[in-house]
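For reference, the structure discussed in these notes is given below.
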Amino acid sequence: MCWAGRMMLGTFSILLVLVHAAAACDFGPFPYRATGIVCRMTKPAALLLNKETAQVIQAAFRNAKFPNITGERSMRLLGRVAYGLTNIQVNDLSIERSQVELKEDNAIHIAIKNVTALFKGTLTYGYAGAWFLQLFHSVDFEIESSIDLQLSIKLTCQKDQVVPDASGCYLTFHKLTLHLQGDKQPGWLKQLFTDFISFTLKLVLKREVCKEINAVSQMLTSFVLDLAADFVRDKDIIVDISLASDPVIKASYIESHHKGLVLYRNNSSVLSDSVFSPSLLTESRMLYFWFSEHSLSSLASAAFLDGQLVLNFTGEKLQELFEMEDTEVQRKAVQMVFQGTSYNDSVAKVWSLTQPQISPQPEGTVVRSLVAVEVSILPAGEEPLVALYMEKEITVTIQATYEEKKLILQPVDSSIEIKVFKCTADPSGDPSIQRFLQNMILVAGIPEVTSSIGSALTSLMNSKRLDLFDIINPEIITRKGYVIVQLDFGFPSHLLLHFLEKSW
């Protein structure tokens, strides 16, 4: 279930991957029927992510490339006066506060209050007097500013993927004060050029800052989409996370619906009868993932076809399995199977003969499969000898938890039925040996296999950088036909800033 769960301009960059405007995409009259994965993010998550807005906005301001500003004006007595502002840079940027709102018009509204910034650069000016007197001067300048920033990010859908439009960007200037050569006192030159350039400067700042914010939103959306796509990819196994339905956008949450189809070597699963309904999810946690039974079963089938459902045990692990109890039957079974060979010179192989059937139920996720067990001894310098071979139908109910950044799979109910039993040292098949082996598989074998699978999945998810996120009190809830993962989280903002620094 965690295969498909592999997960800004501060707040909105991560939100962008979750929602889209439906105008450019047609999902038909029954879009939920094709929904395999759903993600819901509630208002508390948006508020948390909004705390990261300041750092990314600061990065956008610092990275904005301000063009030279030039202009001229005719003055009485002075004649034509021309000026130019060059080498404009931003220093000492700070943000007082920001607020975010989710609107039902498919937009995210962010209000950033009192952005104070100090712009520095060089002012060059010259004028030709009435008597052909020409003077040219260059002085350093500072501009103190206080700005409110309003962002309305529209979300569009192109080729079933989200594309942000942050052109709804508005700057309101509360203060724009020009200082020349560090002189903070008013003078005729300062008053003259403040009148000349203030209007033009406001237009340039708005254009360049908003252009950079739009570029950052595009960049971060691509980053989040690429991160999500990589998260649900394992070699030849790919999960299609393209959009399957229009979003649900409320004041308290946003929700996106994804196809969740599994692609394996150009073969794709088909889903047309999803049981998803928005009422299946609540609003008490920050983040929800809903997975259909179809998506989970398709993942298990792809893993089977890819040859991943194979485990080998040797040495201490093999000894733990066969010596779980000290009885005469156990000692007899060990002697019969291993024929005096060391555990280190033996190997037990466990693999699935058929595609596992996954069925989420209220008591847990039920897994059914025909499984083979083969124990081979490895005599020095000789070919391996198969000492034991079994085929058995296994049904196991698994409850999953995620603790301390580890996925834990715990079997709570198991049953097996041996279909084939072959023991080289006991061709007749001792019933007591079969009962011991069956009990060993139930008591120790199945927990060991599920533990190994849980560890493998944990390693896979951590290779996708899941361990960098703070996942708080996650709950994995199983119901008939689907699984819900709900959690609170802390977002590692350094990932975004590191990405921006590399991109710039």
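All values derive from a computational prediction rather than experimental measurement.
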Closest approach of [X] to [Y] (non-hydrogen atoms, all atoms of both residues):
X: Ile433; Y: Phe421; result: CG2-CZ, 4.4 Å
X: Val329; Y: Ser432; result: CG1-O, 3.6 Å
X: Val100; Y: Ala46; result: CG1-O, 3.8 Å
X: Cys39; Y: Leu287; result: SG-CD1, 3.7 Å
X: Ile472; Y: Gly490; result: CD1-N, 4.3 Å
X: Cys423; Y: Met336; result: SG-CG, 3.9 Å

What distance separates [X] [atom1] from [Y] [atom2], expressed to the nearest 0.5 Å?
X: Ile112; Y: Ile213; atom1: CD1; atom2: CD1; answer: 6.5 Å
X: Ile416; Y: Leu442; atom1: CD1; atom2: CG; answer: 4.5 Å
X: Ser415; Y: Ile394; atom1: OG; atom2: CD1; answer: 8.5 Å
X: Thr450; Y: Ile398; atom1: OG1; atom2: CD1; answer: 6.0 Å
X: Leu437; Y: Leu388; atom1: CG; atom2: CG; answer: 6.0 Å
X: Ile441; Y: Glu448; atom1: CD1; atom2: CD; answer: 13.5 Å

Q.
Could you walk me through whether Arg331 and Asp326 satisfy the side chain to side chain contact (heavy atoms under 4.5 Å, CB included) test, starting with their C-alpha distance in whole Å, then the side-chain angles of each, then the deciding distance to 0.1 Å, before giving a yes or no?
A. CA-CA 7 Å; Arg331 289 190 289 272; Asp326 187 12; 2.4 Å; yes

Q | Worked check of side chain to side chain contact (heavy atoms under 4.5 Å, CB included) between Lys113 and Gln150 | A | CA-CA 9 Å; Lys113 300 294 185 181; Gln150 299 284 337; 3.7 Å; yes

[X] side chain vs [Y] backbone, donor-acceptor pair below 3.5 Å:
X: Ser451; Y: Pro447; answer: no
X: Lys405; Y: Asp467; answer: yes
X: Ser463; Y: Leu460; answer: yes
X: Thr458; Y: Leu407; answer: yes
X: Thr424; Y: Val386; answer: yes
X: Arg233; Y: Ile238; answer: no
X: Arg368; Y: Glu393; answer: no
X: Asp306; Y: Gln308; answer: no

State, with a plain yes or no, whether a side-chain heavy atom of [X] is found less than 4.5 Å away from one of [Y].
X: Thr365; Y: Leu296; result: no
X: Lys259; Y: Leu271; result: no
X: Leu318; Y: Phe338; result: yes
X: Leu487; Y: Phe469; result: no
X: Leu466; Y: Ile471; result: yes
X: Glu391; Y: Glu417; result: no
X: Arg285; Y: Glu475; result: yes
X: Met440; Y: Glu325; result: no

(Q) For Leu261, run the side chain to side chain contact (heavy atoms under 4.5 Å, CB included) check against Ser268, Ser295, Ser298 and tell me which one passes. (A)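 It is Ser268, the one option of Ser268, Ser295, Ser298 that forms the side chain to side chain contact (heavy atoms under 4.5 Å, CB included) with Leu261.
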
Q: Report the C-alpha separation of Gln438 and Ile418 in whole Å, then their side-chain angles, then the decisive distance to 0.1 Å, and conclude whether the side chain to side chain contact (heavy atoms under 4.5 Å, CB included) test is met.
A: CA-CA 8 Å; Gln438 183 168 342; Ile418 295 178; 4.1 Å; yes

Q: Using the test ring-ring contact (aromatic ring centres under 6.0 Å, His included), find all partners of Phe436 that sit at least two apart in sequence or belong to another chain.
A: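 If we apply the ring-ring contact (aromatic ring centres under 6.0 Å, His included) test to Phe436, skipping adjacent residues, there are no hits.
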
Please check if any side-chain donor atom of [X] sits under 3.5 Å from a side-chain acceptor atom of [Y], or the reverse.
X: Gln399; Y: Gln410; value: no
X: Thr397; Y: Glu363; value: no
X: Tyr288; Y: Thr42; value: no

Under 3.5 Å, which donor-acceptor pairs link side chains of residues 348-361 to any protein atom two or more places apart or in another chain?
| residue | atom | partner | partner atom | Å |
| --- | --- | --- | --- | --- |
| Ser352 | OG | Thr354 | O | 2.5 |
| Ser352 | OG | Ser369 | OG | 2.7 |
| Thr354 | OG1 | Leu370 | N | 3.2 |
| Gln355 | OE1 | Ser301 | OG | 3.0 |
| Gln357 | NE2 | Gln355 | O | 3.2 |
| Ser359 | OG | Gln361 | NE2 | 2.9 |

**Q.** Audit row: Tyr253, Leu102, side chain to side chain contact (heavy atoms under 4.5 Å, CB included) steps and yes/no
**A.** CA-CA 7 Å; Tyr253 68 85; Leu102 307 178; 5.7 Å; no

Q.
Checking Asp236 against Arg265 for the salt bridge (Lys or Arg N to Asp or Glu O under 4.0 Å) test, could you report, in this order, the C-alpha distance in whole Å, the side-chain angles of both residues, the deciding distance, and whether it holds?
A. CA-CA 6 Å; Asp236 292 332; Arg265 295 183 178 177; 3.3 Å; yes

(Q) Show me the pairs that pass disulfide (SG to SG under 2.5 Å) and involve residues 210-268, at least two apart or across chains. (A)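 Those involving residues 210-268 are Cys169-Cys210.
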
Q.
Can you list everything that forms a salt bridge (Lys or Arg N to Asp or Glu O under 4.0 Å) with Lys211? Sequence neighbours excluded, please.
A.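 If we apply the salt bridge (Lys or Arg N to Asp or Glu O under 4.0 Å) test to Lys211, skipping adjacent residues, the hits are Glu208.
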
(Q) Suppose we screen for side chain to side chain donor-acceptor pair (under 3.5 Å). Which residues come up paired with Ser455, at least two apart in sequence or across chains? (A)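 For Ser455 there are no side chain to side chain donor-acceptor pair (under 3.5 Å) partners, ignoring immediate neighbours.
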
Q) Going by the ring-ring contact (aromatic ring centres under 6.0 Å, His included) test, which pairs reach into residues 261-281, not counting sequence neighbours? A)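 Sorted result for residues 261-281: Tyr32-Phe276, His257-Phe276, Phe276-Trp290.
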
